[in-house]
Structure formats: C-alpha cells, structure tokens
Colleague: 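Below: one structure in structure tokens.
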Amino acid sequence: MAEGARGWGRRDLLRRGLLVAGGVAIGAGTSEAWRVTHRQMPIADGPASTTLGNGRQGVGSGALEVVWSGRTDQRLVALTFDDGPAPQWTPMVLDTLAQHRVPATFFMVGAQVRRHADVVRDRLAGHEVGNHSWEHRDLAELNTAEAYDDLRRSHDAIADLTGVPPALLRPPYGHLGGAVLHAAARLDYRLVLWSLQMVEREFPDDPAGHARRIVAAVRPGTIVLGHDVGARRRLVALRGLADMINGLRSRGYTFVTVSALLGADMAPTTTR
C-alpha cells in the first residue's frame with residue numbers, strides 16, 4: 001500500500017507539473033497578447049508616443065508650452081469658446097462681445113470652419129482663433145501621423161478663414177497623449193487648457209445665477225472655458241454672458257485674448 005501510494009503520488013505530481021507548465025504557457029501567451037494589444041501598439045508611433053519613427057524629429061522650435069492659466073497678478077481674464085463656428089449660437093456670442101467691446105479666443109473645429117465660414121467672416125477683428133481639431137475626435141486615441149494630419153487640416157482651414165495661421169491648440173475634451181504633444185510641437189503651437197469651466201448643468205434656467213458663480217470664481221490669469229455650439233443647456237451660460245462681463249468688470253477685471261494673457265508678442269487689449 002505504501003509503495004502504491006508513493007506511485008500514485010509520483011503520477012499526481014507529474015500530472016500537476018504538466019498542468020502548471022500548461023498554465024504558465026497559457027498565461028504567458030495571454031500576457032503577450034495583452035502587451036501587444038495594450039502596450040506595444042500605442043507606444044510604437046501610437047497615441048502614447050511622443051516621437052514619430054526613428055528619424056530626425058521635425059518639431060518646429062523643439063519645445064512645447066502647456067498652459068492652464070496666465071501667470072499674472074493683474075486682473076486679466078480670457079474668455080474662450082469651443083466647438084464652433086455654427087449659425088445657432090456663434091452670432092449671439094459675437095453680438096454680445098461686440099456690444100461690450102470684449103475680445104475672446106475661439107477654439108474652432110476645422111470642419112465647422114469649412115461649413116460655416118460665412119457665420120464669422122469679417123466678424124473676428126479683435127478676437128483670436130485657435131485650433132480645436134478637424135472634427136472634434138479624441139486626438140488622444142490617434143497615432144502620431146493621424147493626430148498631425150487632423151490638426152494640420154484644421155490649421156489650414158482656420159488660416160484660410162482668418163488670414164493668420166493659428167498659434168494655439170486646445171485638444172477636444174482636454175485629452176492629451178504623446179501623439180497630440182508631438183503634433184502640437186510640429187505646428188509650433190501653445191497648448192491651451194483652462195482653469196475655470198462654465199457649469200451650465202448646475203444652473204438650469206438660471207443665467208444670472210450661473211454668471212454670479214463664474215464671476216466669483218475668477219482669479220487673475222483665469223482662462224474660462226465656454227462653448228458656442230452644443231446642447232441647449234449651454235444657452236444658460238451664453239444668455240448670462242452680459243451679466244458675466246459686467247460682473248467681472250465690477251471686480252476690476254479686463255478681458256484679453258489668450259495670447260495677450262500669455263504675453264505672446266502683444267500688449268493686453270484694453271476693453272474699458
């Protein structure tokens with residue numbers, strides 16, 4: 001019995017050894033498949049890569065600035081509007097800004113520029129236009145070549161509209177990836193995010209309340225994110241834009257474009 005037990009023990013040990021070896025092989029194969037799917041492809045010139053191939057990297061000045069706000073003690077604030085232009089709301093925003101003599105920065109979508117150029121043509125004097133991608137795709141999901149092609153297409157559309165190549169980029173959703181950084185560097189952009197966002201969901205049907213919320217939250221150098229295209233709830237912010245402007249002026253704030261806020265070769269635009 002003892003010898004038989006030892007024999008079964010050896011067979012059991014061998015069987016278990018084979019199962020373990022098979023499990024290791026399967027696990028290794030699964031791990032390798034995961035690595036190929038989730039690691040190798042994004043890093044090799046994919047969304048995570050900040051380089052394109054192994055050749056010389058043609059990245060403009062060779063540096064990239066990423067900003068959320070301006071570094072200033074002056075009471076300066078920059079209003080920005082994303083996703084346009086479009087005939088529904090962009091004229092409303094431009095009308096309010098013109099009435100109150102406020103410059104702003106519009107981060108425009110290239111395809112929207114091509115479709116609705118007439119909405120903003122000859123109405124952008126004093127304002128600034130930045131790049132917000134071609135069709136508002138998440139650039140952080142694109143590889144290096146795709147991200148550059150997308151931004152270049154929008155860059156050219158904006159330059160055709162304004163006569164001035166854009167110098168600023170705001171990626172859709174504020175999403176960054178290595179490919180986005182590489183493409184922005186190639187185009188010599190400043191990459192602009194924001195330090196305060198309009199919060200329309202919190203103030204349904206209360207434009208004045210929303211305006212008070214934004215006015216109270218602004219600090220020197222704030223870059224405010226708004227939209228001139230989108231869901232109807234965003235009209236709360238746009239309908240309260242005049243109150244926002246008046247409230248900030250009562251606190252001693254002056255409105256400037258983003259580039260003026262960042263000191264990009266131009267003095268702040270006085271709006272009083």
Colleague: Which residues pass the side chain to side chain donor-acceptor pair (under 3.5 Å) test with Asp149, sequence neighbours left out?
Modeller: none

Colleague: Do you reckon Tyr173 sits in the same ILVMFWY cluster as Leu168, going by side-chain contacts under 4.5 Å, direct or chained?
Modeller: no

Colleague: I'd like to check Ser69 versus Thr222 (side-chain heavy atoms, cut-off strictly below 4.5 Å). Are they in contact?
Modeller: no

Colleague: Roughly how far, to the nearest 0.5 Å, is the CD atom of Glu202 from the CZ atom of Arg213?
Modeller: 5.5 Å

Colleague: Going by the salt bridge (charged side-chain N to carboxylate O under 4.0 Å, His left out) test, which pairs reach into residues 50-62, not counting sequence neighbours?
Modeller: none

Colleague: Kindly compute the distance separating CG (Leu248) from OG1 (Thr254), expressed to the nearest 0.5 Å.
Modeller: 10.5 Å

Colleague: Which residues pass the side chain to side chain donor-acceptor pair (under 3.5 Å) test with Ser61, sequence neighbours left out?
Modeller: Asp188

Colleague: Would you indicate whether the side-chain heavy atoms of His175 and Val180 approach each other to under 4.5 Å?
Modeller: no

Colleague: Out of curiosity, Ile223 CD1 to Leu79 CG, how far, rounded to the nearest 0.5 Å?
Modeller: 11.0 Å

Colleague: Please determine which of Val93, Thr80, Leu238, Asp83 meets the side chain to side chain contact (heavy atoms under 4.5 Å, CB included) test together with His227.
Modeller: Asp83

Colleague: Any heavy-atom pair between the side chains of Val67 and Leu262 that's under 4.5 Å?
Modeller: yes

Colleague: Please enumerate all residues that pass side chain to side chain donor-acceptor pair (under 3.5 Å) together with Gln57, with sequence neighbours excluded.
Modeller: His182

Colleague: Taking all atoms of both residues into account, what is the closest heavy-atom pair of Ala183 and Ala147, and its distance?
Modeller: CB-C, 4.0 Å

Colleague: Return the set of residues passing salt bridge (charged side-chain N to carboxylate O under 4.0 Å, His left out) with Asp82 (not counting sequence neighbours), or none when no residue passes.
Modeller: Arg170

Colleague: Using every non-hydrogen atom in the two residues, find where Asn131 and Ser154 come nearest and quote the distance to one decimal.
Modeller: OD1-OG, 2.8 Å

Colleague: Counting neighbours of CZ on Arg137 that are heavy atoms of other residues, nucleotides or ligands and sit closer than 6.0 Å, is the number greater than 12?
Modeller: no

Colleague: Can you sort out the partners of Glu65 under side chain to side chain donor-acceptor pair (under 3.5 Å), two or more places apart, ordered by chain and number?
Modeller: Arg190

Colleague: Any chance you could pull the hydrophobic cluster mates of Val229, using side-chain heavy atoms under 4.5 angstrom and chaining through other members?
Modeller: none

Colleague: Can you tell me how far apart CD (Glu146) and CG (Leu151) are? Round to the nearest 0.5 Å.
Modeller: 12.0 Å

Colleague: His155: which residues meet the ring pair (Phe, Tyr, Trp, His ring centres under 6.0 Å) condition with it, sequence neighbours left out?
Modeller: Tyr189

Colleague: Determine whether Thr72 and Leu261 make a side-chain contact, defined as any pair of heavy atoms from C-beta on separated by less than 4.5 Å.
Modeller: yes

Colleague: Do the side chains of Leu176 and Val59 join up, straight or via other hydrophobic residues, at under 4.5 Å, putting them in one cluster?
Modeller: no

Colleague: What closest approach, in Å, do Pro91 and Ala86 show between heavy atoms, and which atom pair accounts for it?
Modeller: CD-O, 3.5 Å

Colleague: To check you understand the geometry: which heavy-atom pair defines the closest contact between Gly240 and Ala211, and what is its length?
Modeller: O-CB, 3.6 Å

Colleague: List the atom pairs, donor and acceptor, that lie under 3.5 Å between side-chain atoms in residues 102-118 and the rest of the protein, sequence neighbours left out.
Modeller:
unit_1 : atom_1 : unit_2 : atom_2 : d
Thr105 : OG1    : Glu128 : OE1    : 3.1
Thr105 : OG1    : Val258 : N      : 3.0
Gln112 : OE1    : Arg115 : NH1    : 2.8
Gln112 : NE2    : Pro85  : O      : 3.1
Arg114 : NH1    : Asp160 : OD2    : 3.3
Arg114 : NH2    : Asp160 : OD2    : 3.3
Asp118 : OD1    : Arg121 : NE     : 3.3
Asp118 : OD1    : Arg121 : NH2    : 3.4

Colleague: How far apart are the closest heavy atoms of Ala140 and Pro47, and which atoms are they?
Modeller: O-CB, 3.1 Å

Colleague: In chain order, what residues pass the ring pair (Phe, Tyr, Trp, His ring centres under 6.0 Å) check against Phe203, with sequence neighbours excluded?
Modeller: His210

Colleague: A side-chain contact here means heavy atoms from C-beta on lying under 4.5 Å apart; do Val129 and Leu161 qualify?
Modeller: no

Colleague: Going by the rule side-chain contact (heavy atoms from CB on, under 4.5 Å), which residues pair with Pro207 if we only count those two or more places apart in sequence or in a different chain?
Modeller: Arg239

Colleague: I'd like to check the salt bridge (charged side-chain N to carboxylate O under 4.0 Å, His left out) partners of Arg75; sequence neighbours left out, ordered by chain and number.
Modeller: none

Colleague: Can you tell me how far the CG atom of Leu191 sits from the CG atom of Leu181, to the nearest 0.5 Å?
Modeller: 6.5 Å

Colleague: To the nearest 0.5 Å, what is the distance between CG on Leu94 and CG on Asp228?
Modeller: 7.5 Å

Colleague: Where do Leu64 and Ala184 come nearest, in terms of heavy atoms and distance?
Modeller: CD1-CB, 3.8 Å

Colleague: If you define the side chain from C-beta out and look only at heavy atoms, does anything of Arg186 sit under 4.5 Å from Arg152?
Modeller: no

Colleague: Are any non-hydrogen side-chain atoms of Val66 and Val192 less than 4.5 angstrom apart?
Modeller: no

Colleague: What verdict does the ring-ring contact (aromatic ring centres under 6.0 Å, His included) test give for Phe255 and His100, after you've listed the backbone C-alpha separation in whole Å, the side-chain angles of each residue and the deciding distance to 0.1 Å?
Modeller: CA-CA 10 Å; Phe255 295 91; His100 294 272; 9.2 Å; no

Colleague: Any side-chain heavy atom of Pro220 sitting closer than 4.5 Å to one from Leu76?
Modeller: no

